[in-house]
Each structure stands twice: as structure tokens, then as C-alpha cells.
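Heads up: the structure comes next, in C-alpha cells.
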Amino acid sequence: MKWKKIGRILIIDKNLEDAYIGKLGNLLKEHNVDTIAKITGINGKMRKPSVQVLAGSKSTETIHKENGCLFKLDISKVMWSKGNTTERMRIANLVRDGEVIVDMFAGIGYFSIPIAFHSNPQKVYSIEINPESYFYLNKNIYLNKINHRSNKNWGHDVIKPILGDSALITPNISADRILMGYVKTTHNFLAPAVNSINSGGIIHYHETVPEKLMDTRPIKRIKKAAEDREVEILGNKIIKRYSPGVVHCVVDARIL
Ligand code: SAM
């Protein structure tokens, strides 16, 4: 991929900068963007990007539109994964009327916003540990008029943003569906998810895994966390290639 467009910012592949030196002014016009930047890394458990602005406005804040929803974000403070676009909409379409949902790694509302926008859950608890992501989560709830709209159906705000650690907060909620949209150490959060999920509820468990272990390791981990509860695997699919030989997959598991 040479570049991706996030709102009015063009993110250029970090290895391609030299090829485009001297042509960045043209790229600004061609792509109708205000800023060209490159992301040199995504760091730590909060997935904070390292960003270098190459041309145009120095502002790294923008509004991105995806699946009909608006996402305000600062690309130097919070990440945006283009590869998860289809998954975000798939989950929104699975939600049935009246569900109680926990989004354990809510970020700026990557999943919570499309769910509340396109479906009709009774409540989405959107837990986020990074105050900067939490700031944009609140902005995006407002920007998409989520709670204003949903008040009519349920008499209360549908998305409840919570700043804190989902490992501690999730077990206090009884959920019909839990989103575990996080990678690398997601398995450490399976026990609190199992504690929270109602009988018959569904967990969407993400894992970065060597492709050859994709059909075994994530499922073993879910079953281990479920202890004596029965687990029905509804699906297991690749969201994207993560690194050579490693995939980012999502397992849909019903816990009885
Ligand atoms: N699934 C998303 C998507 O579709 O693009 C990406 C997820 S994302 C960037 C992961 C988020 O989880 C980050 O915002 C990070 O701060 C948050 N996070 C990490 N550990 C957490 C924890 N223990 N509790 C709550 N949020 C956490």
C-alpha cells in the first residue's frame, strides 16, 4: 500500500518518502488533502502512533468518514486501522435489538459508534484506558448524535463511555456481547470477559497469531478461560495480515 487517506490527511508508506520527495505538493492537490504525514511506529499498550508531518498543514487532527459514521481523531495521538473497516461493519450488523454490549478496548469508538449508529442495542459500555482516545470517543458520540438519537428508543444514553481498565470494569457488567478488539495480549483479558458474558452471549476475541496456529491457539485460550462453561465456536476469520507469517484473526465464540 502506497498511502491511505484518513479524513483530510494522506498517510504515505514510510518506505516511500524518498520516491515522493519534491512531488509532495502535487500529492496534496491530487488527493485533495491538507496534510501529508508518515507513521513510523505504533507504540505501547495504548497503541500511540509516532508521526512525522511531511507537507501541508501541521495539524494532525481530522474527521474521517467510514461506514456512514464520523470519527474525529488526531493521528499523532490515536491509531486508525484501515484494515479493520469491514470488521467494524460486520459487528454492527450482527447486533440484535436490545443487546447489552461491552466494548473492552473502545478507543475513539471504532466499534461502539457504528454499532450504536446502525443497530439498536440497549446499552454499549465503551471502556478505554487512554485519556486521549477517551476524549475523542466522547467527541464522536456527540458528532454522530448517538445519545441524542438513542434517547428516543430507550429513554437513556445508549453509549456509556468509561475511562479505565477493562480488566477491572468488565466483570461488573452483565453483557450479551463483548468486543475484544485488541491484539498481542488480548488473551490476558479473557477471564474478565467470561465473567461478564451472559449464558448464550457472544465474545468477539481478537488475536495476532502465527497463521498455522490460527485454528487452534485462540480457541484453546477461550476454552481455558471459560473453565467449565460450554463454548460454541461460531466462526474464525482473518481480519488482516499482521506481519510475515502472522495474522490478526477474530474468533466469534458463544459462551453457554
Ligand atoms: N479494534 C480497533 C480498530 O478497529 O481499529 C483498534 C483497537 S485499539 C487502538 C485498542 C485500544 O485499547 C487503545 O485505544 C488502547 O488505549 C485501549 N486499551 C488498551 N488496554 C486497555 C485496557 N486494559 N482497558 C481499556 N482499554 C485499553
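Quantities reported herein were computed from a predicted structural model and do not represent experimental measurements. Excluded from the calculations below are hydrogen atoms, water molecules and symmetry mates; all remaining heavy atoms, backbone and side chain alike, are included. Counting convention: from 1, in listed order, for ligands and their atoms alike.
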Salt bridge (charged side-chain N to carboxylate O under 4.0 Å, His left out): pairs with one or both residues in residues 94-120, sequence neighbours excluded =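 Pairs touching residues 94-120 that pass the test: E99-R177.
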Yes or no on salt bridge (Lys or Arg N to Asp or Glu O under 4.0 Å) for K48 and E132, after CA distance, side-chain angles and deciding distance?
-> CA-CA 10 Å; K48 195 176 153 79; E132 288 178 322; 3.4 Å; yes
Counterpart residues, ring-ring contact (aromatic ring centres under 6.0 Å, His included), relative to Y205 (two or more places apart) |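 Counting only residues at least two positions away or on another chain, Y205 forms no ring-ring contact (aromatic ring centres under 6.0 Å, His included).
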Selection residues 160-174 - residue pairs positive for side-chain hydrogen bond (donor to acceptor under 3.5 Å, both in side chains), sequence neighbours left out |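 Applying side-chain hydrogen bond (donor to acceptor under 3.5 Å, both in side chains) to every pair that reaches into residues 160-174, excluding sequence neighbours, yields nothing.
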Identified side chain to side chain contact (heavy atoms under 4.5 Å, CB included) partner of I169 from the options I129, I162, L163 |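 Checked I129, I162, L163 against I169; only one passes side chain to side chain contact (heavy atoms under 4.5 Å, CB included): I162.
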Would you mind listing each N/O atom of ligand 1 next to any protein N/O under 3.5 Å, plus the distance?
unit_1, atom_1, unit_2, atom_2, d
ligand 1, 1 (N), G181, O, 3.1
ligand 1, 4 (O), N84, ND2, 3.1
ligand 1, 4 (O), R88, NH1, 2.8
ligand 1, 5 (O), N84, ND2, 3.2
ligand 1, 5 (O), R88, NH1, 2.9
ligand 1, 14 (O), E128, OE1, 2.9
ligand 1, 14 (O), E128, OE2, 3.1
ligand 1, 16 (O), E128, OE2, 2.6
ligand 1, 23 (N), D165, OD1, 2.9
ligand 1, 24 (N), S166, N, 2.9
ligand 1, 24 (N), S166, OG, 3.2
ligand 1, 26 (N), I129, N, 3.3

Regarding S57 and D34, is there a side-chain donor-to-acceptor distance under 3.5 Å anywhere?
->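 The criterion, which ignores hydrogens and geometry beyond distance, is not satisfied for D34 and S57.
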